[in-house]
Amino acid sequence: MKILELVKDAKTIGISGHTRPDGDCVGAALGLYLYLKKYLPEVMVHIFLEPLPAIFSCLAGYEEVNNNFQTDIDSYDVFFALDTGKDRLGKAEKLFERAEKKINIDHHVSNTGSGDINIIFPEINSTCEVVYTLFEYPEGLDEDIAKALYLGIIHDTGIFRFAGTTSQTLEIAGKLMAYGFDFTKLINDTYYEKSYLQNQILGRALLESIIFMDGRCIVSRLDRDSFDFYGVGAGDLEGIVNQLLITKGVECAIFMHQTKNLEYKVSLRSKSFVDVSKVARYFGGGGHVRAAGVTMKGTFHDVTNNLSYHIEEQLKENV
C-alpha cells in the first residue's frame with residue numbers, strides 16, 4: 001500500500017499525531033502534509049497538532065498547523081493518526097473517529113492499531129522512516145519534505161545511535177540529505193542545543209540522581225516544587241533521561257517529573273537488553289523496546305520500587 005493509493009478519491013484529508021508532539025511526530029505529520037499538498041493540490045488537507053516547540057519552526061508548514069482543532073469539516077474522507085494510536089491523539093481523537101477512513105501509521109510496539117487500515121512496523125525506529133517507505137515518489141520529494149522527515153529520523157534514532165538503526169535507515173537519511181538542506185544546523189538547533197534553564201535542570205537531575213541495582217540502574221526526578229521554582233515546562237526536560245543513560249555501567253535509566261500530588265510522568269531508557277516497553281505496558285504505558293514512558297501514581301519511592309521489580313527481573317536474566 002502507498003499513500004496516494006490510500007487516499008484515492010478523497011476530497012478532504014486530516015492529519016494528526018500524539019499529544020506533546022516530539023520530533024518524529026512533527027516530522028512525520030509535516031512531511032506527509034507537504035507530500036499530499038505537492039501531489040494532490042486539489043484536495044483539502046488539514047494538519048492538527050498541539051502547539052509546537054519553537055525549535056520546529058524551521059520546518060515548512062509549521063505556521064499552517066491547526067493548534068485549536070477547530071474545523072468546519074464534520075467528517076474527513078481520510079484521517080491519518082501518526083506515531084500513536086487513537087488513545088494519545090488528544091483533541092484530534094474525535095476527528096479521527098468521525099472520519100470515513102481511518103489510517104494509523106506508527107512504529108511503536110505497544111500500538112495494536114486504531115484504524116481501518118493499520119501500518120505499524122515496530123522494527124523501524126521512526127514513523128518518519130515508515131512514512132518515507134509509503135511514498136509512491138520518494139525520488140520526487142523536495143527540500144521541505146526531506147527536511148521534515150530527516151528531522152524525525154534523527155530525533156527518534158538519537159542521531160543514528162539507538163538500537164534498531166539499520167542500513168535502510170542510513171540509506172534513507174542519505175537520500176534525504178541529498179536535497180540540500182543544512183543538516184548540521186538542523187541537528188544542532190533541534191537536538192543538541194539547550195537553553196541555560198534546560199542546562200540548569202539537567203545539572204540538578206544529574207546531581208540528585210541515584211545509582212542502584214549494583215550500578216546497573218539510575219533514577220532521578222523533578223518534583224512539583226522544583227518544577228514551579230525554575231518555571232520550566234515539560235519540553236525543558238527533553239534529553240535528561242538520555243544523559244542519565246550514558247552513565248558508565250548503567251543498563252537502564254529512569255527519569256520522572258511530578259505532574260500532580262502522588263503522580264509522576266516517567267521516562268524509561270535502556271542500552272542493550274532491558275525491554276522498557278514491556279515494563280511501561282505493565283503499568284498502562286508504552287513505547288519502544290529501548291525507550292518508553294508511563295504515568296504512575298504514588299510517591300517517588302513507590303514508583304521507583306514498582307518499576308525496579310520489573311526491571312530487575314530482566315537484569316537477572318542477563319547477568
Do we see a donor-acceptor contact under 3.5 Å between the side chains of His155 and Asp24? no
For Thr304 and Met256, the nearest pair of non-hydrogen atoms, with its separation, is OG1-CE, 3.6 Å
Quick check: is Val26 connected to Ile124 through a chain of hydrophobic side chains (ILVMFWY, heavy atoms under 4.5 Å apart)? yes
Can you label the angle between the His310 ring and the Phe283 ring as parallel, tilted or perpendicular, going by 30° and 60°? perpendicular
What pairs of residues pass the ring pair (Phe, Tyr, Trp, His ring centres under 6.0 Å) test when at least one of them lies in residues 159-185, not counting sequence neighbours? Tyr150-Phe181
Applying the 4.5 Å side-chain criterion to the ILVMFWY set and letting contacts propagate, would Leu40 and Leu30 be lumped into a single cluster? yes
Looking at side-chain heavy atoms only, is the closest gap between Leu149 and Ile145 below 4.5 Å? yes
Taking C-beta and beyond as the side chain, do Ile218 and Phe255 meet within less than 4.5 Å on heavy atoms? no
Does a donor on one side chain and an acceptor on the other come within less than 3.5 Å for Gln168 and Glu129? yes
Sort out for me which residue in Leu32, Val43, Asp77 forms a side-chain contact (heavy atoms from CB on, under 4.5 Å) with Ile13. Val43
Inspect the contact between Glu50 and Arg20 and indicate whether a charged nitrogen and a carboxylate oxygen are less than 4.0 angstrom apart. no
Establish, from distance only, whether the side-chain atoms of Thr71 and Tyr76 form a donor-acceptor pair under 3.5 Å. yes
Look at the aromatic rings of His288 and His108 and report parallel, tilted or perpendicular, splitting at 30° and 60°. parallel
Looking at Lys147 and Glu143, is any side-chain nitrogen of the basic one under 4.0 Å from a carboxylate oxygen of the acidic one? no
Could you pull out all residues at least two apart from Glu64 that satisfy side-chain contact (heavy atoms from CB on, under 4.5 Å)? Tyr33
Evaluate the side-chain proximity of Leu244 to Leu206: yes if any heavy-atom separation is below 4.5 Å, no if none is. yes
Under 6.0 Å between the ring centres of His257 and Phe227? yes
Side chains of Arg161 and Thr165: do they bring a donor and an acceptor to under 3.5 Å? no
Does Tyr39 form a ring pair (Phe, Tyr, Trp, His ring centres under 6.0 Å) with Tyr137? I'd like the steps, not just the answer. CA-CA 9 Å; Tyr39 285 102; Tyr137 310 112; 5.0 Å; yes
Any chance the side chains of Thr259 and Glu263 put a donor and an acceptor closer than 3.5 Å? yes
Donor-acceptor side-chain pairing of Asn125 and Asp156 below 3.5 angstrom: no
In the single-linkage hydrophobic clustering (I, L, V, M, F, W, Y; side-chain heavy atoms under 4.5 Å), do Tyr309 and Val219 co-cluster? no
If hydrophobic clusters are built by linking Ile, Leu, Val, Met, Phe, Trp and Tyr wherever their side-chain heavy atoms come under 4.5 Å apart, do Ile120 and Leu6 end up in the same one? no
Side chains of Ser226 and Asp223: any donor to acceptor distance under 3.5 Å? yes
